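See structure below.
We use all heavy atoms of the structure for the numbers below, so side chains are in, but hydrogens, waters and symmetry mates are not. Bear in mind that the values here come from a model prediction, so they are computed numbers and not experimental data.
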Amino acid sequence: MKKLVTNELSLGLDQNLRNNLIDNFKKIQDGVDDQSDAVNKQIKDMLGNVPLQDQNEVTQARIDANGEAYSTMKSRLDIDQETAETALEEERVTKVEVESARVNSAGETHDSLKERIDNDANKLTQQINQTLSQISLVPETFSTVNELNKKYPTGKPGLFIVTETGDKYIWENNKWTDVGKYQAVTLARNGATMDKVDTINPSQVINTFAVPASATGWNGGAVIADKNRIVINPGKNTDFGAIIPIFLSRKIKTGDNLYINLNHQTSSVTDDDHLNHCEIWLADLSGKLIKQLNVESFYAKTTVQSYQLIVNGESLVNANVGTGFTLIIAYHNNAQLTITDFIVNFDNYKQGSGVNKLLMNKIEKHPYFSSNFGLFQNGTMAFIKVNDSSVRPVVQIPYYGLDLDRNVYVRIETYTDYNTTTKAHYWISELSDDTPNGDIEKGYDVFELTLTPNELKQKGVAKDGMIVLTTGNQPVEGMIIYDVQVSNDVIVSDSSKVTRKKDRFGQPVDILSNATMKEIADVDLVTPKQPYNGQHGILKSIDCYVNKAGDYIFIIGKIDQNNLLVNETKTISLKLVAGINHFELGYRNFSVPAGAQLFMTLGSANLYATDATHLNVTKALIRDKTHPTTNPGYSGQMLYEADVLIPFSYDVIEKPADVIFAEYDEELADSHAQIATLTSKLATPIVVSPAGKRFLLTVSDDGVISANSLNLNKLAVFGNSLTKYDQIGGFGLAASNQDSDWFAYVKKYISNDSATASITRNSLSDWESMTNGTDRQAFFDQKMKPTIDPDTDLVIIQAGDNVNTQEKANTFPQDAKKLIQNIRAVATKARIIWVGCWFVSTFDNVDLIASIKTACAENSATFIDIRDLAKNTSNNSSIGAQITKPDGTVITVDNNGYAIHPGDAGHKKIADLVIAQLNV
């Protein structure tokens with residue numbers, strides 16, 4: 001027993017008290033020692049003569065295999081014996097039960113229970129098969145009940161139809177019994193009244209026997225399908241494809257024709273045409289091949305192509321496929337194949353065929369407005385380029401054969417580039433007055449309109465006429481007309497107005513195959529100029545034209561106010577073949593945040609010159625090694641606008657509604673967790689002195705209560721453009737004025753408690769932009785250290801957003817720790833808070849946020865995460881917002897680099913998070 005310590009009693013105690021305490025300690029020590037000796041003797045008596053080396057073995061034997069300990073060896077052995085006897089009795093009962101179960105109901109005895117079960121199962125299967133063989137899956141029909149009775153007077157299992165009444169009959173109680181109508185009553189001619197069809201959406205009614213959404217992969221092909229699209233990705237086999245179910249409405253006859261219509265597009269083609277061809281095969285419902293249907297294969301291309309196959313009914317009758325079978329689309333190239341508008345029917349209705357009454361290949365300049373703008377059309381789309389902002393470009397497209405007694409449906413898909421926020425217009429028939437039929441938004445837009453016969457008459461629309469498109473009298477730089485449709489039938493499309501909204505970026509690459517290459521030295525990155533301004537985007541597709549096959553890198557990121565690439569959220573590697581490449585990527589769910597865009601690392605690809613047949617409408621940004629940013633505190637090569645065509649374009653589509661709702665739920669759950677955490681922290685006791693000073697109460701392990709002042713007297717804040725951006729007057733971008741950024745709100749809060757508090761605002765952008773620890777240490781010594789001292793109460797770091805290259809990120813984890821340690825070494829009593837990050841770039845070997853969290857956790861600093869605020873575009877500034885400099889100068893936000901920064905709402909929410917932490 002370890003001895004009690006008695007020689008450390010304070011010398012300040014009374015001598016008699018010291019002597020008494022020492023005597024008491026001795027008595028306690030003697031008592032404990034005596035009790036210890038007694039226990040040791042009792043243990044020895046219980047073990048008897050068991051050798052010392054075996055004593056531990058006895059103790060272990062009291063514990064069974066399940067870890068349960070018994071008080072003595074005897075108690076464990078008794079329980080084990082009882083368990084064994086119980087098990088033997090159960091085994092005897094089970095043996096009797098098994099022997100009894102070997103005898104079936106007929107008194108037959110089997111050698112084993114398994115033999116009896118197998119024998120009974122075989123008999124049951126035979127009985128089921130015998131019964132099923134008597135039942136036809138196709139009901140047998142008779143004209144009258146008398147005919148049914150005549151053929152089967154003693155009955156027959158199954159379902160039988162009497163066509164005279166449409167009733168179904170079964171054999172029951174030794175007679176044929178009527179069990180009701182076989183099918184619902186059909187509508188009589190002219191019986192489809194509005195009350196029966198008013199819930200039907202005509203745009204969703206498609207005359208087809210095919211079920212594309214149920215398509216599956218064939219021979220290793222990986223299929224992603226919905227009701228209008230089948231995306232087939234190659235597997236391990238050379239030949240692969242999709243199996244598509246077909247269910248006819250009736251048996252096909254020898255005189256029928258079955259029409260198969262589809263659109264197809266591949267991601268790449270090869271020089272070997274044998275590999276580019278596709279086949280359509282007939283197969284049964286299990287996918288077993290019967291025969292090839294198309295004698296001549298069709299060849300996949302990287303642009304959308306239409307294909308029709310007419311199958312003679314006799315060949316299907318001879319194949320005996322009935323009303324249910326499958327069609328297999330087989331492909332031989334190692335590339336993605338996309339099938340859309342897969343229509344199979346008897347009456348040759350082809351999606352979009354015979355519907356559109358428009359001649360896109362006849363688009364031309366309007367004769368009254370034909371000068372000073374460029375127009376080029378390639379048969380499927382048109383490009384307009386305006387070099388003089390005073391010019392009013394007007395083009396016309398002929399349509400023909402409208403039935404003016406029926407509704408007319410119009411669909412226009414365009415991309416329009418403006419210098420202002422005005423809209424383009426279109427007219428149907430003639431440019432007869434200044435009242436257009438509709439407006440077209442800036443950027444990518446799909447416009448749809450339905451005109452009734454009465455409206456057609458009022459507007460004077462003719463059977464044959466012109467669709468006129470114009471940008472009005474407002475400045476415009478160009479337009480791409482992707483598609484225009486005019487029809488008396490509902491136009492079924494992926495319209496952005498009725499389904500998930502789609503946006504297109506960049507110029508179609510179809511025109512690059514005969515374009516002239518343009519050399520610009522050291523270009524490494526290109527992108528269409530326009531960013532994505534939606535809320536919930538995912539990358540839908542990429543089209544790319546390259547002269548050299550290889551692996552190419554695409555990056556989802558943002559461009560900041562310095563025209564630098566920031567916030568790289570995703571890197572995508574694609575294997576491209578020489579020529580045109582098309583990739584459907586929606587199923588991979590690459591998120592495109594608001595304000596982001598897609599970049600391509602140029603690699604072995606090329607830039608192309610603009611000319612009369614290669615008009616530059618959408619504009620492009622490129623990055624090389626000769627355009628560094630000149631803004632103080634920032635480093636890197638800028639992206640700048642160039643009059644070139646870049647080799648890719650892309651589409652972004654809204655996420656499905658269920659995904660958006662799930663993300664909202666996740667964000668809400670995170671918010672609740674943060675609120676709960678913050679609430680628990682705010683429960684920390686804070687007291688206020690008579691003079692109004694606030695103190696935080698803490699208690700030590702020995703029960704000593706301390707009051708630490710929360711009134712801050714000296715603070716230093718270090719940050720990037722969110723804290724101090726000199727180009728707008730030294731406050732946080734993009735607040736509307738110097739009193740509306742997060743720093744101003746925090747300063748006001750602190751000043752309310754400490755009117756004399758010293759609060760400094762400092763730039764940390766240079767530190768972020770450095771690429772090694774030596775330079776960052778020098779920056780601290782020269783720029784940061786002079787602004788703090790041992791009296792500093794609080795240091796706030798707002799940084800990480802401009803660590804946007806691999807070089808900057810490589811040493812960032814170590815440098816972040818060192819930065820906090822350097823501050824702690826000088827401002828020894830200061831609280832340190834790190835705020836981050838509005839923009840977050842991703843790297844293969846560095847996680848910026850994880851690095852900041854680790855640096856804070858290891859060095860007693862606090863991290864405030866503001867990433868969720870940046871996800872909500874309502875916290876951003878916007879194009880057109882105004883910023884007032886301290887000198888009263890007002891500037892308008894006219895670039896996305898400013899607009900993706902926090903606006904007043906975002907700055908206020910950042911400040912709220914910081915202030916909440918100051919109260920903890």
Can you tell me how far apart [atom1] ([X]) and [atom2] ([Y]) are? Round to the nearest 0.5 Å.
| X | Y | atom1 | atom2 | result |
| --- | --- | --- | --- | --- |
| L598 | L585 | CG | CG | 9.0 Å |
| I820 | C856 | CD1 | SG | 4.0 Å |
| D741 | K724 | CG | NZ | 12.0 Å |
| Q821 | I832 | CD | CD1 | 10.0 Å |
| I915 | K908 | CD1 | NZ | 6.5 Å |
| I750 | I759 | CD1 | CD1 | 4.5 Å |

Q: Please report the C-alpha distance between N895 and Q561 in whole Å, then the side-chain angles of each, then the deciding distance to 0.1 Å, and finally whether the side chain to side chain donor-acceptor pair (under 3.5 Å) criterion is met.
A: CA-CA 8 Å; N895 67 82; Q561 75 281 5; over 6 Å; no
Nearest atoms (heavy-atom pairs only) where [X] meets [Y]:
| X | Y | value |
| --- | --- | --- |
| R776 | K808 | NH2-O, 3.1 Å |
| V526 | I622 | CG1-CG2, 3.7 Å |
| S591 | K655 | OG-NZ, 3.6 Å |
| N876 | A870 | OD1-O, 4.3 Å |
| G557 | L565 | CA-CD1, 4.2 Å |
| L819 | F780 | CD1-CD1, 4.1 Å |

For the backbone of [Y] and the side chain of [X], can you confirm whether one donor and one acceptor N or O come within less than 3.5 Å of each other?
| X | Y | result |
| --- | --- | --- |
| T792 | L794 | no |
| N737 | T884 | no |
| N896 | A899 | no |
| Q597 | P528 | yes |
| E654 | H536 | no |
| R824 | N859 | yes |
| E807 | T771 | no |
| T889 | K885 | no |
| T828 | A825 | no |
| E641 | L621 | no |

Q) Looking at I823, T723, V835, V717, which one forms a side chain to side chain contact (heavy atoms under 4.5 Å, CB included) with I797? A)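 Going through the options one by one, the only one that passes is I823.
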Polar contact flag, side-chain donor to acceptor under 3.5 angstrom, [X]-[Y]:
| X | Y | value |
| --- | --- | --- |
| T892 | D894 | no |
| Q777 | N822 | yes |
| N804 | E568 | no |
| S841 | N567 | no |
| N875 | K909 | yes |
| T873 | Q535 | yes |
| S769 | Y634 | no |
| N720 | Q798 | yes |
| Q806 | N845 | yes |

**Q.** H901: which of W742, W838, F839, F731 passes ring-ring contact (aromatic ring centres under 6.0 Å, His included)
**A.**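 Of the listed residues W742, W838, F839, F731, the ring-ring contact (aromatic ring centres under 6.0 Å, His included) partner of H901 is F839.
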With heavy-atom distances below 4.5 Å as the criterion, would you say the side chains of [X] and [Y] are in contact?
| X | Y | result |
| --- | --- | --- |
| L715 | V795 | no |
| I852 | D865 | no |
| L639 | T527 | yes |
| L602 | P647 | yes |
| I796 | F743 | no |
| D524 | D624 | no |
| W834 | F718 | no |
| I559 | V566 | no |

**Q.** Stepwise side chain to side chain donor-acceptor pair (under 3.5 Å) test for D904 and S736
**A.** CA-CA 6 Å; D904 288 354; S736 61; 2.6 Å; yes
Q | Verdict with supporting geometry, D766 and K783, salt bridge (Lys or Arg N to Asp or Glu O under 4.0 Å) | A | CA-CA 10 Å; D766 280 332; K783 301 291 185 180; over 6 Å; no
Q.
Looking only at the aromatic ring of each residue, does the gap between the centers of Y650 and F505 stay below 6.0 angstrom?
A.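 Distance test on ring centres: under 6.0 Å, yes.
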Q: Step through the shown structure and confirm whether more than 12 heavy atoms of other residues, nucleotides or ligands are within 6.0 Å of NZ on K748.
A: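 Result for NZ/K748: open.
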Q. If you draw a 6.0 Å radius around CG in D844, do more than 12 non-hydrogen atoms from other residues or ligands fall strictly inside?
A.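 At most 12 heavy atoms, drawn from other residues, nucleotides or ligands, come within 6.0 Å of this atom.
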